[in-house]
Novice: 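Quick one: this structure, given as structure tokens, is what I'll be asking you about.
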Amino acid sequence: MLINLPVPTPRLRGVGLVGISVLFFSTAGLFTKGVPEDAWTIVFWRGLAAAGFTLGYLLMTGGLRQELAGFGWPALFVSLLGASGSAAFISSFKLTSIANVALIYATVPLLAAILAWICLRERPTTRTILASGATLAGVLIIFGGSLGGASLTGDLLALWMTVTLAGSMVLYRRWPETPTGMPSALSSIVLLPVALLAAAPLDAAPEYMPAMAGFGLVFAVASITLMAGARLLPSAETGLLSALETPVAPLLAFLFLAEVPSTATFVGGGVILSAIFWSQWPRR
């Protein structure tokens, strides 16, 4: 007996793709803090692996020619935003806690909503606005418990990463035909010469190579699924869903690195999770 399953709607596919990216992105702190190399060395080897995996996937699936044909200035802008954001992202973990990076990243729905409103005149729904406000409240709760315990430089780098990601979401919403694979690969490639000048990645310890290569694979999957999902959802909703990383990343840090989140992190993370699930609850 055959069962006809309902065809997923574009919105449901978008939610699923962003959810996958959240799970993969949440492991970034584990890779970065678990490898005792400097940030630029990790940027180099993670970028080399991510570009290799992405280009290899495009070659095997026959999508490379199509991606190159569709590579215009929006794709170039996304690549440059991704390059600066990923460099800041990795460096921020070396200078502040995983929880702090995650909580600052949780402001991405607000930033994406503001940018989409300004650039696209995409007015967010009342539910999204309320959920984003609750997310901000959760961030403030966590931040209140972290005052005085984090590096200002690391926090600022995490904030810049959040701005670049919100900008990329808006670009994909405005130009949904923009390819996802090539910009992801190029954002890693352009950082390779910078990393060679800033550090000595070729002197990295061989025992850490598998972890950095694994980080590259995780990053490639997370980046492509996030931007593919951003094509199908309003920018504010994409940002709101991606904020799920805020409670997940500190939890992984606690389980694998014994980095204990504060009480404020637990409370704020609960607020953020509740707001995100409420925003996605089926409506009449």
Novice: Enumerate the residue pairs fulfilling ring-ring contact (aromatic ring centres under 6.0 Å, His included) with a member in residues 63-112, sequence neighbours excluded, ordered by first and then second residue.
Specialist: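 Passing the test, one end in residues 63-112: Trp73-Trp175, Phe89-Phe93.
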Novice: Checking the side chain of Ser97 only, and the main-chain atoms of Asn100 only, is there a donor and an acceptor separated by less than 3.5 Å?
Specialist: yes
Novice: Should side-chain heavy atoms under 4.5 Å link Ile, Leu, Val, Met, Phe, Trp and Tyr, which residues sit in the same cluster as Met60?
Specialist: none
Novice: Rounded to the nearest 0.5 Å, how far does CZ of Phe24 lie from CZ of Phe215?
Specialist: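 Interatomic distance, Phe215 CZ to Phe24 CZ, rounded to 0.5 Å: 13.0 Å.
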Novice: Considering residues at least two apart in sequence or located in another chain, which fulfil the side-chain contact (heavy atoms from CB on, under 4.5 Å) criterion with Thr164?
Specialist: Leu81, Ser84, Trp160
Novice: Which ILVMFWY residues can you reach from Ile118 by hopping between side chains whose heavy atoms are under 4.5 Å apart?
Specialist: Ile114
Novice: With sequence neighbours excluded, give me every ring-ring contact (aromatic ring centres under 6.0 Å, His included) pair touching residues 217-249.
Specialist: none
Novice: Could you work out, with ring-ring contact (aromatic ring centres under 6.0 Å, His included) as the rule, every residue matching Tyr208, not counting sequence neighbours?
Specialist: none
Novice: If I compare all heavy atoms of Ala220 with all of Ala50, which pair ends up nearest, and what's the gap?
Specialist: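 Shortest heavy-atom separation between Ala220 and Ala50 comes out as CB-O, 3.9 Å.
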Novice: Examine distances only and state if a side-chain atom of Ser187 and a backbone atom of Ser184 form a donor-acceptor pair shorter than 3.5 Å.
Specialist: yes
Novice: Where is the tightest heavy-atom contact between Gly154 and Thr96, given as atom of each residue plus distance?
Specialist: C-CG2, 4.0 Å
Novice: Going by the rule side-chain contact (heavy atoms from CB on, under 4.5 Å), which residues pair with Thr238 if we only count those two or more places apart in sequence or in a different chain?
Specialist: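 For Thr238 the side-chain contact (heavy atoms from CB on, under 4.5 Å) partners, ignoring immediate neighbours, are Val18, Met169, Leu226, Ala230, Leu233.
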Novice: Looking at Leu55 and Ile189, what are the two nearest heavy atoms and their distance?
Specialist: CD1-CD1, 4.5 Å
Novice: Just grab all the salt bridge (charged side-chain N to carboxylate O under 4.0 Å, His left out) pairs involving residues 25-34, residues at least two apart or on different chains.
Specialist: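 Sorted result for residues 25-34: Lys33-Glu259.
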Novice: Can you see which heavy atom on Lys94 is nearest to which on Thr32, and at what distance?
Specialist: NZ-O, 2.9 Å
Novice: Applying side-chain contact (heavy atoms from CB on, under 4.5 Å), can you list everything that pairs with Ala204, at least two apart in sequence or on another chain?
Specialist: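 Partners of Ala204 under the side-chain contact (heavy atoms from CB on, under 4.5 Å) test: Glu37, Thr41, Trp45, Met209, Met212.
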Novice: To which residues is Val170 joined in a hydrophobic cluster, defined by side-chain heavy-atom contacts under 4.5 Å among Ile, Leu, Val, Met, Phe, Trp and Tyr, whether direct or through other members?
Specialist: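 ILVMFWY cluster around Val170 also holds Leu115, Leu120.
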Novice: Run the side-chain contact (heavy atoms from CB on, under 4.5 Å) test against Pro193 and tell me which residues pass, sequence neighbours left out.
Specialist: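 Pro193 satisfies side-chain contact (heavy atoms from CB on, under 4.5 Å) with no residue once adjacent residues are dropped.
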Novice: Determine whether Thr153 and Leu157 make a side-chain contact, defined as any pair of heavy atoms from C-beta on separated by less than 4.5 Å.
Specialist: yes
Novice: Looking at residues at least two apart in the chain, or sitting in another chain, which of them share a ring-ring contact (aromatic ring centres under 6.0 Å, His included) with Tyr172?
Specialist: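 Listed in chain order: nothing, the list is empty.
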